[in-house]
2 protein chains.
Amino acid sequence: MFSMKPIGYVRSPHKQTQDVPKGLGAKHEAEGILEILPEFALGLTDIEGFSHLFVIWAFDRSEGFQLLGTPPSDNRPHGVFATRSPRRPNPIGLTVVQLLHRNDTRLGVRGIDMLDGTPILDIKPYLSNVPPEQLRRGWLAEAEARSSQVDAT
Amino acid sequence: MFSMKPIGYVRSPHKQTQDVPKGLGAKHEAEGILEILPEFALGLTDIEGFSHLFVIWAFDRSEGFQLLGTPPSDNRPHGVFATRSPRRPNPIGLTVVQLLHRNDTRLGVRGIDMLDGTPILDIKPYLSNVPPEQLRRGWLAEAEARSSQVDAT
């Protein structure tokens, strides 16, 4: 077992789960603040040089897990490890955000899909891309294709 | 505090830290296996449709943390949240791997930079890219530029 403690908290315009855009084509353009605890301030040295960050956080308002579930973006069930469901064996969330500005221990970011008050576990620089021509998006591409067929009728 | 438990383990050709390629231009082409525990098998449903996965794992052989440190890719210190140092406040690692094949609960992947036996905490589908023209790579780009100046002399 590994014990994780918050290094800070997310300040988000999303106050409850239903505020977060979900489903196919959902865009995460919301801006918010990553408030890092003062004791970890030194760990932010040079972070402003990166345009994008990985934020690893805890689904603190999710209980238990479900190995098979139907996500908002499809009407068919998929394995939890093939989705971003909050009901995971370890309640870890991962979001790529764009870093807009830094004010001491407050990082202004765009692309927030977390709830206000979400505990942050780690921040890492986002470095690499997978070339688009090598990327396959599994059931999500299929769900999008089915959805656009419905739209077209 | 959040308690995390392994959902499986990495089988890697890297048996010790010095086996993992490090520093500027290090390539992670190593192939290995993500062995998921049988009790979580159902959570892998449909995972084979994705070309790339996020693997979230635990630095189980790292002790304590260092907020400012000099990474193998530079000769200047940077904040831990601006590096991939193992000595983090929460010992969480993150790797994007390419999924090559699936055999029941064994996922064959390329891009392993974890040690053999590393506990896996979560797997998520890799979905989105940041457009290359929007990506800034902070001190790492600067370290690369300095390194190529040295190479050119």
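Labels below follow one simple rule: chain letters A, B, ... track the order of the sequence lines, proteins then strands, and each chain is numbered from 1.
Heavy-atom neighbours of chain A within the stretch residues 93-113 of chain B, taken at a separation under 4.5 angstrom, comprise Gly93(B), Leu94(B), Val96(B). Residues of residues 66-76 of chain A having a heavy atom under 4.5 Å from any heavy atom of chain B, listed by number: Leu67(A), Leu68(A).
Neither the backbone nor the side chain of Ser85(A) has a heavy atom closer than 4.5 Å to any heavy atom of chain B. Using a 4.5 Å cut-off between heavy atoms, Ile56(A) touches chain B through its side chain atoms alone. At a 4.5 Å heavy-atom cutoff, the contact between Glu48(A) and chain B is made by backbone atoms alone. For Pro119(A), the part sitting under 4.5 Å from any heavy atom of chain B is the side chain, from C-beta outward, and nothing else. Both the backbone and the side chain of Tyr126(A) come within less than 4.5 Å of a heavy atom of chain B.
The local environment of CD in Gln18(A) is crowded, with over 12 non-hydrogen atoms from other residues, nucleotides or ligands closer than 6.0 Å.
Residue with the most contacts toward chain A among Lys124(B), Glu142(B), Met1(B), His78(B): Lys124(B) (heavy-atom pairs, distance under 4.5 Å). For the options Ser3(A), Pro77(A), Ala82(A), heavy-atom pairs under 4.5 Å to chain B are most numerous at Ala82(A). Between chain A and the options Ile92(B), Thr83(B), Ile47(B), the largest number of non-hydrogen pairs under 4.5 Å is found for Ile92(B).
Once rounded to the nearest 0.5 Å, the distance linking CZ of Phe81(A) with CG of Asp122(B) reads 6.0 Å.
For the pair Thr45(B) (side chain) and Gly79(A) (backbone), a donor-acceptor distance under 3.5 Å is absent.
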Got a list of side-chain donor-acceptor pairs under 3.5 Å for residues 19-27 of chain A, not counting sequence neighbours?
unit_1   : atom_1 : unit_2   : atom_2 : d
Asp19(A) : OD2    : Lys15(A) : N      : 2.9
Asp19(A) : OD2    : Gln16(A) : N      : 3.1
Lys22(A) : NZ     : Thr17(A) : O      : 2.8
Lys22(A) : NZ     : Val20(A) : O      : 3.4

Listed pairs under 3.5 Å, donor-acceptor, residues 4-12 of chain A side chains, sequence neighbours left out:
unit_1   : atom_1 : unit_2    : atom_2 : d
Lys5(A)  : NZ     : Pro89(B)  : O      : 3.0
Ser12(A) : OG     : His14(A)  : N      : 2.9
Ser12(A) : OG     : Met114(A) : O      : 2.7

Inset, instruction - Mind running ring-ring contact (aromatic ring centres under 6.0 Å, His included) on Phe2(B) and Phe2(A) for me, showing each step along the way? - result: CA-CA 8 Å; Phe2(B) 301 90; Phe2(A) 300 90; over 10 Å; no
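Closest heavy-atom contact between Arg84(B) and Phe59(B): O-CZ, 4.1 Å.
The aromatic rings of Phe65(A) and Phe40(B) lie tilted to each other, with the angle between the two planes from 30° to 60°.
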